[in-house]
Amino acid sequence: MDRLANKVAIVFGAGPNIGGTIAHFLAREGAKVVVSDISLAAAEETVDFIRTRGFTAHAVQGNATIEADVRRIVAETVQTYGRVDIAVNMAGRVHFCHLLDMDMDDWNESVLSFPTAGLLTTRYTAKAMIDGGHGGSIIHLLSTAAHFGEADATAYTSSKAALLSFARSAAMDLAQYGIRVNTVTPCSMEHQLWTLMRDEVLDPEWQRPERGGFYSRDDYLKMLPLGRFPRASDLAWATVFLASDEAAIITGIDIPVDAGLRHKYPTWTPGDHSGANIRDFVAKTHITRFGETQEKLIPEPPTASGQSDPISQEN
Ligand SMILES: NC(=O)c1ccc[n+]([C@@H]2O[C@H](COP(=O)([O-])OP(=O)(O)OC[C@H]3O[C@@H](n4cnc5c(N)ncnc54)[C@H](O)[C@@H]3O)[C@@H](O)[C@H]2O)c1
């Protein structure tokens with residue numbers, strides 16, 4: 001529990017999903033954490049949670065793609081906790097659109113979004129580390145979109161791929177100061193299923209109509225060699241490792257937290273790799289918040305009464 005004792009961290013983009021969970025895990029490992037988000041309410045929700053668990057955190061509002069904001073967030077961190085050792089960045093927003101219809105303003109804003117937050121959060125936290133006379137660890141959250149082609153997502157894939165390249169080169173620029181820069185790559189996350197894709201997940205027959213109906217969430221789950229979607233806590237563990245002195249000689253790498261997806265050769269093993277199925281997955285799934293298990297995603301089916309729920313129904 002003390003892997004990050006005496007360290008100070010900033011998380012940029014720390015609402016209650018991935019960023020909030022990472023902030024919680026950093027704090028649980030002994031770091032003092034500044035929780036920064038474009039939405040003050042989101043940052044405060046995360047800080048409130050961390051404090052209820054008895055750990056140290058401080059909320060700061062700011063847009064990680066705006067230089068003055070990032071400079072202010074880092075200055076407030078140094079003022080509050082005296083130093084910066086760890087920065088975790090996942091801030092940015094992009095437009096999803098087919099390339100034939102992409103508006104140029106949307107494109108320019110999207111493509112710049114993630115690498116701009118990458119540059120600013122790296123530059124100002126690195127300056128604070130250098131000024132403090134010590135090294136540090138900077139971690140950027142990518143997406144499988146940084147590594148694969150994805151329909152209707154040229155802006156997202158371009159923006160995340162640029163962040164990947166940025167991080168590798170930043171690792172080279174900052175190595176001389178003992179500052180490490182690494183990335184973590186999630187695939188589609190479990191929490192996204194129960195928010196954005198809940199209806200799709202609950203209907204195993206769901207097909208994506210605009211793509212000719214060629215896959216369902218069941219097919220997707222079967223493609224994951226480890227047979228489950230990653231949780232925010234899975235990302236948080238990888239981030240804690242990269243942030244800690246256990247990773248002292250690791251820089252410029254990417255850790256895929258994707259159930260084996262990226263290293264599977266899809267032509268050789270096209271489908272049902274793990275035997276997982278979406279019904280069992282959903283039936284077993286508990287919602288997690290800040291890495292702690294909450295209620296089940298769907299209630300237990302009322303078996304005795306003969307009533308049924310959407311998952312237990314036979315099609
Ligand atoms: N959810 C997934 O399935 C998934 C998959 C792959 C990668 N990712 C990546 O993980 C990261 C976090 O995902 P999430 O699911 O927690 O998303 P989320 O939308 O729940 O959280 C993102 C947070 O960043 C904040 N934010 C956005 N733009 C910002 C900016 N310019 N400055 C400061 N804060 C900003 C938002 O207010 C929000 O609180 C993102 O970088 C996303 O691309 C997510």
Could you go step by step and tell me if V257 and W237 meet the side-chain contact (heavy atoms from CB on, under 4.5 Å) rule?
CA-CA 10 Å; V257 181; W237 283 125; over 6 Å; no
Whether T157 side chain and T154 backbone form a donor-acceptor pair below 3.5 Å
yes
Looking only at heavy atoms, which two atoms of A155 and H95 are closest? And how far apart?
CB-O, 3.6 Å
Is a side-chain N or O of D2 found less than 3.5 angstrom from the main chain of A5, in a donor-acceptor match?
no
Answer whether the closest heavy-atom distance between the side chains of H191 and T288 falls below 4.5 Å.
no
Check whether any side-chain N or O of S159 sits under 3.5 Å from a backbone N or O of V111 as a donor-acceptor pair, and report yes or no.
yes
N6 atom CG, over 12 foreign heavy atoms within 6.0 Å
no
How long is the span from the CD1 atom in I179 to the OG1 atom in T251, to the nearest 0.5 Å?
9.5 Å
Measure the spacing between OG of S110 and CG of D105 and express it to the nearest 0.5 Å.
10.5 Å
Atom OG1 of T121 and atom CZ of F12: how far apart are they, to the nearest 0.5 Å?
5.5 Å
Pairwise distance NZ(K127) to CZ(R123) - rounded to 0.5 angstrom:
6.5 Å
Just by distance, do the side chain of S137 and the backbone of L242 share a donor-acceptor pair under 3.5 Å?
yes
So does R72 pair up with D69, basic N to acidic O under 4.0 Å?
yes
The residue among R180, K7, R3 that forms salt bridge (charged side-chain N to carboxylate O under 4.0 Å, His left out) with D245 is K7
Rounded to the nearest 0.5 angstrom, the OG1-CD1 distance for T183 and I139 is 10.0 Å
Within the 3.5 Å criterion, strictly below it, is a donor on H140 or N89 matched to an acceptor on the partner's side chain?
yes
Please report the C-alpha distance between R83 and D85 in whole Å, then the side-chain angles of each, then the deciding distance to 0.1 Å, and finally whether the side-chain contact (heavy atoms from CB on, under 4.5 Å) criterion is met.
CA-CA 7 Å; R83 56 191 286 140; D85 304 276; 2.7 Å; yes
Geometric cation-pi criterion, R28 with F25: 6.0 Å, 45°
yes
To the nearest 0.5 Å, tell me how far L142 CG sits from N182 CG.
10.5 Å
Got a donor-acceptor contact below 3.5 angstrom from the K264 side chain to the M223 backbone?
yes
side-chain contact (heavy atoms from CB on, under 4.5 Å), that's the test. Do V60 and V35 meet it? Break it down for me.
CA-CA 6 Å; V60 184; V35 172; over 6 Å; no
Distance only, no hydrogens: is a donor on one side chain within 3.5 Å (strictly under) of an acceptor on the other, for H147 and T185?
yes
Please work out which of the three classes, parallel, tilted or perpendicular, describes the rings of F55 and H24, given edges at 30° and 60°.
tilted
Could you check whether R51 pairs with E44 (Lys NZ or Arg NE/NH1/NH2 to Asp/Glu carboxylate O, under 4.0 Å)?
no
Ion pair present between R53 and E292, side-chain N to carboxylate O less than 4.0 angstrom?
yes
Does the pair D234 and R228 meet the rule for a salt bridge (charged side-chain N to carboxylate O under 4.0 Å, His left out), with working shown?
CA-CA 11 Å; D234 296 310; R228 76 164 171 83; 2.9 Å; yes
S39 and D37: side-chain donor and acceptor closer than 3.5 Å?
no
Are the side chains of T56 and Y81 in contact, using a 4.5 Å heavy-atom criterion?
yes
